[in-house]
Amino acid sequence: MRPIHHPNCQDIALEGVLYALGDPVRLEIVQRLASNDELSCSDLDLGVAKSTLSHHFKILREAGVLHCRKQGTQHMNSLRRDDLEAAFPGLLDSILKAAQTQVER
């Protein structure tokens, strides 16, 4: 079984994080993870194909936005809040707040 790659905290790049959060599906994933400590891929029904959802999780993971761990046959996902806050203070909270404000309009 191949290990899951996560960038080190110092390797998280602003442009990668912004790119990852710039997609509506990925932003929805992050919003749902922000409301939960951890979710499996199957917990998120976003109306896209399973392969597409896997691709979105890969983009978020490789950008350093989320952490994925295997638990049996499940992939459990959580936000890397502490790492993102250390690298870019206030960025994630600002994006989540702006996304929520846009939904409320």
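What you see is a predicted model, and the numbers here were worked out from it, not measured in a lab.
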- Using the test ring pair (Phe, Tyr, Trp, His ring centres under 6.0 Å), find all partners of His67 that sit at least two apart in sequence or belong to another chain. His6
Report all side-chain donor-acceptor pairs from residues 8-19 shorter than 3.5 Å, counting only partners two or more places apart or in another chain.
none

- Report the residues that fulfil side chain to side chain donor-acceptor pair (under 3.5 Å) with Gln71, sequence neighbours left out, ordered by chain and then residue number. Arg69
- Item | Closest heavy-atom pair and its distance - Leu53, Cys41 | CD2-O, 3.8 Å
- Under the 4.5 Å side-chain heavy-atom rule for ILVMFWY, direct or indirect, which residues accompany Ile4? none
Could you list the donor-acceptor pairs under 3.5 angstrom formed between side-chain atoms of residues 81-95 and any protein atom two or more places apart in sequence or on another chain?
{"from": "Arg81", "atom 1": "NH1", "to": "Asp93", "atom 2": "OD1", "distance (Å)": "3.1"}
{"from": "Asp83", "atom 1": "OD2", "to": "Arg80", "atom 2": "NE", "distance (Å)": "2.9"}
{"from": "Asp83", "atom 1": "OD2", "to": "Arg80", "atom 2": "NH2", "distance (Å)": "2.8"}
{"from": "Glu85", "atom 1": "OE1", "to": "Gly90", "atom 2": "N", "distance (Å)": "3.1"}
{"from": "Glu85", "atom 1": "OE2", "to": "Gly90", "atom 2": "N", "distance (Å)": "3.1"}
{"from": "Ser94", "atom 1": "OG", "to": "Gly90", "atom 2": "O", "distance (Å)": "2.8"}

- Item | Side chains of Gln31 and Leu27 in contact at under 4.5 Å (non-hydrogen atoms) | yes
- Sorted by chain and number, sequence neighbours left out, side chain to side chain donor-acceptor pair (under 3.5 Å) with Ser40 holds for Ser42, Asp43, Gln74
- What distance separates Asn36 CG from Ser78 OG, expressed to the nearest 0.5 Å? 11.0 Å
- Query: If we only count heavy atoms from C-beta on, is the Leu66 to Val30 side-chain gap below 4.5 Å?
  - Reply: no
- Single-linkage hydrophobic cluster Ile59~Val25, side-chain heavy atoms < 4.5 angstrom: no
- Between the SG atom in Cys68 and the NE2 atom in His5, the distance rounded to the nearest 0.5 Å is 12.5 Å
- Quick one: does Ile29's side chain get under 4.5 Å of Val65's, heavy atoms only? no
- Scan for ring pair (Phe, Tyr, Trp, His ring centres under 6.0 Å) pairs involving residues 31-66, sequence neighbours excluded, and state none if there are none. none
- Query: What are the two closest non-hydrogen atoms of Ala63 and Pro7, and how far apart are they?
  - Reply: C-CG, 4.3 Å
- Query: Would you say the side-chain atoms of Thr52 pair up with the backbone N or O of Val48, donor to acceptor, closer than 3.5 Å?
  - Reply: no
- Which distance, rounded to the nearest 0.5 Å, do you find between the CG of Leu44 and the CG of Leu33? 6.5 Å
- Message: Hydrophobic clustering (ILVMFWY, side-chain heavy atoms < 4.5 Å, transitive) - are Met76 and Leu79 grouped together?
- Response: no
- Item | salt bridge (charged side-chain N to carboxylate O under 4.0 Å, His left out) contacts in which one or both residues fall within residues 18-28, not counting sequence neighbours | Glu28-Arg32
- Could you go step by step and tell me if Leu96 and Gln100 meet the side chain to side chain contact (heavy atoms under 4.5 Å, CB included) rule? CA-CA 6 Å; Leu96 290 170; Gln100 184 60 38; over 6 Å; no
